[in-house]
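Each ligand, and each atom within it, is numbered from 1 in the order the structure gives.
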Amino acid sequence: MSTESHLRLVWVYPDLLSTYGDRGNLLILEHRAALRGLPVECVEVRSDRPLPADGDIYLLGGGEDGPQSLAAQRLIADGGLHRAANRGAVVFAVCAGYQLLGRSFYAKGTQYSGLGLLDLHSDRGPSRAVGELAGDIDARLGLPPLTGFENHGGRTHLGPEAHPLARVTAGIGNDGTTEGAWRGRILGTYSHGPALARNPALADLLLQWAVGGALAPVDNTWPERLRKERLSAVTPS
Ligand code: GLN
């Protein structure tokens with residue numbers, strides 16, 4: 001946690017990367033930290049401002065091609081996210097935000113450099129991937145199956161240094177086989193919804209990484225009901 005002993009959550013570029021309700025991920029983290037009595041400060045940083053390097057968790061959302069390429073260029077020029085990631089901050093990114101953490105991606109037919117924080121690159125698929133997304137998460141993360149909603153034209157290919165977040169059981173994700181990626185405390189997914197409202201255990205994992213220890217258990221009846229309802233809609237048992 002930051003030196004002021006509160007959790008600093010940074011919502012990166014709300015003016016460019018805030019599609020499909022992804023700002024809800026910030027609200028969920030704030031709420032689930034508050035349930036544990038953890039003091040939280042939420043910082044929203046527009047793309048014309050320098051990104052603070054002293055955050056605990058950085059959140060990036062989805063975006064259309066134009067805003068996505070602009071966000072990548074500004075983040076590379078700014079350097080704050082690199083500095084934060086290099087000192088071990090947690091980074092959680094969705095869709096366009098996920099693609100731009102990789103080495104390169106396509107937007108409006110042009111290839112752009114990404115930040116290179118994850119060993120992956122994205123190109124375009126034969127059709128847009130739109131609909132429910134589900135997958136069995138990497139067992140090392142100790143999480144129940146992922147559920148989300150995807151809407152993207154890109155396809156993502158992982159290099160050896162990036163672990164797939166999940167094996168797809170419904171939808172497309174990266175390429176129809178794997179979904180998302182993680183390395184250290186950097187984690188990306190195609191799951192909107194927003195992802196952390198539908199996957200409360202994933203929200204808690206990010207908080208645990210940030211505080212460096214276990215969290216007190218909380219009543220998960222309602223978020224678990226949502227997660228299971230969405231999962232059973234696409235992967236009936
Ligand atoms: N523009 C990217 C794509 O279409 C990301 C879209 C999104 O963030 N939903 O692949």
Review point. For residues Asn199 and Arg230, is any side-chain donor paired with an opposing acceptor at under 3.5 Å?
Key: no
Review point. Taking atom types as modelled, is there a side-chain donor on Thr156 or Ser122 under 3.5 Å from an acceptor on the other?
Key: yes
**Study point:** Charged N-O contact under 4.0 Å between Asp119 and Arg183
**Key:** no
Point to revise | Ion pair Arg36/Asp204, N-O distance below 4.0 Å | key: yes
Review point. Would you say the ring centroid of Tyr190 lies under 6.0 angstrom from that of Tyr98?
Key: yes
**Study point:** Sub-6.0 Å ring centroid separation between Phe149 and His192
**Key:** no
Can you check whether [X] has an N/O within less than 3.5 Å of an N/O in ligand 1?
| X | result |
| --- | --- |
| Gly63 | yes |
| Gly153 | yes |
| Val94 | no |
| Glu64 | no |

At less than 4.0 angstrom from any non-hydrogen atom of [X], what atoms of ligand 1 do you find?
| X | result |
| --- | --- |
| Tyr20 | 9 (N) |
| Gly62 | 8 (O) |
| Gln99 | 2 (C), 3 (C), 10 (O) |
| Arg128 | 4 (O) |
| His192 | 9 (N) |

Check your understanding: Any non-hydrogen atom of Thr19 lying under 4.0 Å from ligand 1?
Key -> no
Review point. Relative to each other, are the rings of His157 and His121 parallel, tilted or perpendicular (30° and 60° limits)?
Key: tilted
Review point. Where on Arg155 is there a heavy atom closer than 4.0 Å to ligand 1, on the side chain, on the backbone, on both, or on neither?
Key: neither
Point to revise | Contact partition for His152 relative to ligand 1, non-hydrogen atoms under 4.0 Å | key: both
Review point. What about Leu26 and Leu17, same hydrophobic cluster or not, with Ile/Leu/Val/Met/Phe/Trp/Tyr joined at side-chain heavy-atom distances under 4.5 Å?
Key: no
